[in-house]
Amino acid sequence: MIENEPSDSSAGLAGFVHEWPATRVVFGAGLISAAAGEAARYGSRIAVIHDPTARSAADRVTADAAGRVHARIGEVVQHVPVHAVDKAVAIVREARADVLLCIGGGSATGLAKGVARDLELPLVAVPTTYAGSEMTSIWGLTEDGRKTTGRAAAVRPRTVVYDPELTLDLPADISVTSGVNAIAHCVEALYADDSSPLTRLAAAEGIRSMALALPGVLERPRDVGARGFALRGAWLSGWSLEVSTTGLHHKLCHVLGGLLDLPHSPLHTVLLPYTVGHIAPAAVAETRTVLESLGITGLVTDAGGLIWDRHRLLGAPTSLAGIGMREADVAPAIAEASAVLADRALPPRPATASDLRDVIRAAFEGDRPAAW
């Protein structure tokens with residue numbers, strides 16, 4: 001008998017619903033050359049939204065489009081403020097664009113999603129970081145210090161073009177935190193109560209891909225192979241996030257990010273060991289999968305600490321204080337998180353106000369998460 005196999009073949013066989021999202025993926029080095037053609041599948045008047053760091057890629061797409069780019073927006077802001085979306089919508093509407101093409105990280109994708117949501121335009125995404133949001137129907141907007149998120153099929157990109165050459169100049173520190181952000185998507189997909197067997201396979205492989213890629217990216221930043229493996233992990237992480245619901249980790253990141261305007265991927269990186277440490281007692285098998293996929297040997301009871309150790313080895317931030325949170329921010333952050341999240345049904349383990357206080361305080365100080 002296989003170890004841990006139930007004696008009754010039906011025991012432990014949980015039901016699930018799996019819905020396959022429809023996104024075309026074009027993956028390979030140099031395939032920025034395909035982006036203009038992919039946009040042409042959905043419209044003839046293109047609006048390009050890009051990060052300032054993606055200007056050269058946007059220039060390439062504009063040249064390839066041969067006069068079909070009718071608007072370019074090269075200013076994006078993290079956490080997608082409502083006023084930024086309103087401004088972009090006005091530009092795109094005036095240009096009479098009928099398809100959007102975004103190039104950049106999660107902020108560029110988020111802004112484009114905001115425009116797609118308001119104008120119901122098809123979207124093509126070309127990611128240059130490992131955010132993973134390009135594979136999802138999740139949108140997020142910030143106004144008056146609060147981040148609101150939701151899902152809408154209209155904002156899921158019709159095509160995603162992954163070109164690892166566009167990530168070669170992504171700085172090492174951003175590469176690491178962006179990669180851990182992707183890992184966090186996979187972690188929560190493993191924990192989600194609506195996860196399916198296929199979701200769990202993709203999430204575990206996404207973690208493995210990114211865990212293998214990041215040391216190579218740090219040692220050889222311009223290694224297309226390592227960058228390609230990282231983008232592979234990002235793709236799987238975004239897909240996993242799309243087909244499952246988020247839990248404590250993402251919701252706490254949204255609360256703190258919206259309230260304090262903390263940098264997005266470093267915030268995910270800092271909080272992940274602490275949220276895993278909180279959740280692990282209620283999801284031992286899933287946490288073991290996380291550790292195995294990361295290539296970490298150790299006890300599940302010390303999962304939060306082991307992930308924290310790995311982040312230190314990668315040179316990643318390990319405290320909220322280290323990414324811009326002040327002592328004066330701690331009490332308001334705890335109060336806001338408690339008001340929004342305390343005692344909510346967040347599988348696999350809800351958080352009380354006391355739990356949230358402990359997580360935020362420990363993450364602010366940067367203490368190694370305790371074993372349970």
Side-chain angles (χ1 to χ4, degrees), residues 27-30 32 50-58 76-79 103-110 126-134 162-187 206-238 249 253 257 261-274 276 290 293-296 306-325 363 366 368:
F27 196 112
I32 185 61
H50 63 90
D51 286 340
T53 57
R55 182 176 300 278
S56 61
V76 300
V77 182
Q78 70 173 357
H79 303 303
I103 310 172
S107 296
T109 305
V126 184
T128 61
T129 68
Y130 310 127
S133 60
E134 67 279 352
Y162 287 102
D163 182 348
E165 291 182 356
L166 299 183
T167 68
L168 294 180
D169 293 320
L170 189 66
D173 57 339
I174 298 175
S175 297
V176 169
T177 58
S178 184
V180 175
N181 182 20
I183 288 171
H185 300 335
C186 296
V187 169
I207 295 172
R208 276 192 291 272
S209 295
M210 193 62 75
L212 287 170
L214 288 181
V217 167
L218 286 174
E219 294 172 11
R220 305 176 304 280
R222 299 191 61 81
D223 183 331
V224 174
R227 293 290 188 174
F229 229 68
L231 272 184
R232 182 176 185 269
W235 164 49
L236 292 169
S237 81
H249 175 81
C253 285
D261 195 30
L262 296 173
H264 182 79
S265 63
L267 176 59
H268 277 269
T269 301
V270 169
L271 284 180
L272 186 62
Y274 301 96
V276 168
V290 171
S293 300
L294 287 169
I296 294 175
L306 292 169
I307 294 172
W308 186 90
D309 292 341
R310 184 175 185 274
H311 288 181
R312 290 195 69 184
L313 288 174
L314 290 172
T318 54
S319 75
L320 293 174
I323 62 170
M325 188 173 180
R368 186 183 191 275

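Below, each value reflects all heavy atoms present in this structure, side chains not excepted, and no hydrogens, waters or symmetry copies. The chain is numbered in sequence order, starting from 1.
Within the structure, the salt bridge (Lys or Arg N to Asp or Glu O under 4.0 Å) test picks out the following pairs touching residues 217-226 (sequence neighbours left out): D169-R222, R220-D223. Listed by first then second residue, pairs satisfying salt bridge (Lys or Arg N to Asp or Glu O under 4.0 Å) with a partner in residues 306-320 read D309-R368, not counting sequence neighbours.
Every residue meeting the side chain to side chain contact (heavy atoms under 4.5 Å, CB included) condition with A363, not counting sequence neighbours, appears here in chain and number order: V270, L271, Y274, L320. The side chain to side chain contact (heavy atoms under 4.5 Å, CB included) search around D261 returns Q78, H79, not counting sequence neighbours. With sequence neighbours excluded, the residues that form a side chain to side chain donor-acceptor pair (under 3.5 Å) with S175 are R227. Every side chain to side chain donor-acceptor pair (under 3.5 Å) that H249 has, sequence neighbours left out, goes to H268, T275. Scanning for side chain to side chain donor-acceptor pair (under 3.5 Å) contacts around S265 gives T177, with sequence neighbours left out.
Residue G105 comes nearest to T128 through the heavy atom pair N-OG1, 3.6 Å, listed as atom of the first residue, atom of the second, then distance. Closest non-hydrogen pair, D51 versus G104, comes out as OD2-CA, 3.2 Å. Residues I323 and L262 share a closest heavy-atom pair of O-CD2, 3.8 Å. Of all heavy-atom pairs between V224 and A29, the closest is CG1-CB, 4.0 Å. Nearest heavy-atom pair, S237 versus A182, reported as atom, atom and distance to 0.1 Å: CB-O, 3.1 Å. Smallest separation of non-hydrogen atoms from V76 and P52: CG2-CD, 4.4 Å.
Checking side-chain atoms of S319 against main-chain N and O of G322 turns up a donor-acceptor pair under 3.5 Å. The main-chain N or O of G132 is found under 3.5 Å from a side-chain atom of E134 such that the two form a donor-acceptor pair.
Side-chain contact check for I307 versus V290: some heavy-atom pair is nearer than 4.5 Å. When side chains are defined from C-beta on, I183 counts as touching L294, because their heavy atoms get closer than 4.5 Å. With contacts defined as side-chain heavy-atom distances shorter than 4.5 Å, the pair E165/I32 does not qualify.
Here the CE atom belonging to M210 is positioned 13.0 Å from the OG atom belonging to S293, to the nearest 0.5 angstrom. In this structure, L272 CG and T318 OG1 are separated by 13.0 Å, a value rounded to the nearest 0.5 Å. Distance check, rounded to the nearest 0.5 Å: OH of Y130 to CG of L170 gives 5.5 Å. A distance of 9.0 Å separates OG1 in T129 from NE2 in H264, rounded to the nearest 0.5 Å. Residue C186 holds its SG atom at 5.0 Å from CD1 of I207, rounded to the nearest 0.5 Å.
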Give every donor-acceptor pair under 3.5 Å between a side-chain atom in residues 228-235 and any protein atom, sequence neighbours left out.
residue	atom	partner	partner atom	Å
R232	NH1	E205	OE2	2.9
R232	NH1	S209	OG	2.6

